[in-house]
Amino acid sequence: MSSPSTSTAADEKKSQLLQQEYNRYQELIQELETQSSTLASQLQEHIIVDRSLTAIAPEKRQGRKCFKMIGGVLVEKTIDDIIKILADEVKELSKQRDTIDEELKKNRANLEKWISTNKIKVVKG
């Protein structure tokens, strides 16, 4: 027969492990939310620049130069080249954001499942 102090110590240990697991889930979800937000901001910036450049009439774009930061280096290109680059980058950023959002959704569902499986009651203080 186990003594009350042994079961209390075991319960305390289990509580600590559950708390650590919950914290890991929360940190992962927070990191994914931050990544999604960063990608959303970058995507919005790319869209604004694309709209600004495509608003210029095609005949006025001819031969006009534009500068783009690529890998920390300012590169001179034509407006039409930059519009093509921006379109590709917008597609890639959208794809990355969709992937992150899907992973975020999956991790939130896993957390909910874990909470119900372990009969956790979240107390916010």
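It should be emphasised that the depicted structure is a prediction, and the values quoted were computed from it without experimental measurement.
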Would you check if E102 and K106 make a side-chain contact, meaning some heavy-atom pair closer than 4.5 Å? no
Determine whether V75 and M69 make a side-chain contact, defined as any pair of heavy atoms from C-beta on separated by less than 4.5 Å. no
Carboxylate-amine/guanidinium proximity below 4.0 Å for E21 and R24: yes
Other hydrophobic cluster members with I47, side-chain heavy atoms of Ile/Leu/Val/Met/Phe/Trp/Tyr under 4.5 Å, chained?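 For the cluster that includes I47, the remaining residues are L18, Y22, Y25, L28, I29, L32, L39, L43, V90, L93, I100, L104, L111, W114, I115, I120, V122.
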Side-chain donor-acceptor distances from residues 48-61 under 3.5 Å, at least two apart:
unit_1	atom_1	unit_2	atom_2	d
S52	OG	I48	O	3.0
T54	OG1	D50	O	2.8
T54	OG1	R51	O	3.3
R61	NE	I56	O	3.0
R61	NH1	D80	OD1	3.1
R61	NH2	T54	O	3.4
R61	NH2	I56	O	3.2

Looking at residues at least two apart in the chain, or sitting in another chain, which of them share a side-chain hydrogen bond (donor to acceptor under 3.5 Å, both in side chains) with [X]?
X   : value
K68 : E89
E33 : R108
N23 : Q19

Determine whether D81 and T78 satisfy the following criterion, side chain to side chain donor-acceptor pair (under 3.5 Å), listing intermediate values before the conclusion. CA-CA 5 Å; D81 289 341; T78 66; 3.1 Å; yes
For the atom pair CZ (R97) and OG (S37), what is the distance rounded to the nearest 0.5 Å?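 Output value for this atom pair is 9.0 Å.
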Give me each pair satisfying ring pair (Phe, Tyr, Trp, His ring centres under 6.0 Å) with a member in residues 74-95, each pair once, sequence neighbours excluded.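 Applying ring pair (Phe, Tyr, Trp, His ring centres under 6.0 Å) to every pair that reaches into residues 74-95, excluding sequence neighbours, yields nothing.
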Applying salt bridge (Lys or Arg N to Asp or Glu O under 4.0 Å), run through K105 and D101 and close with a yes or a no. CA-CA 6 Å; K105 192 172 161 183; D101 287 347; over 6 Å; no
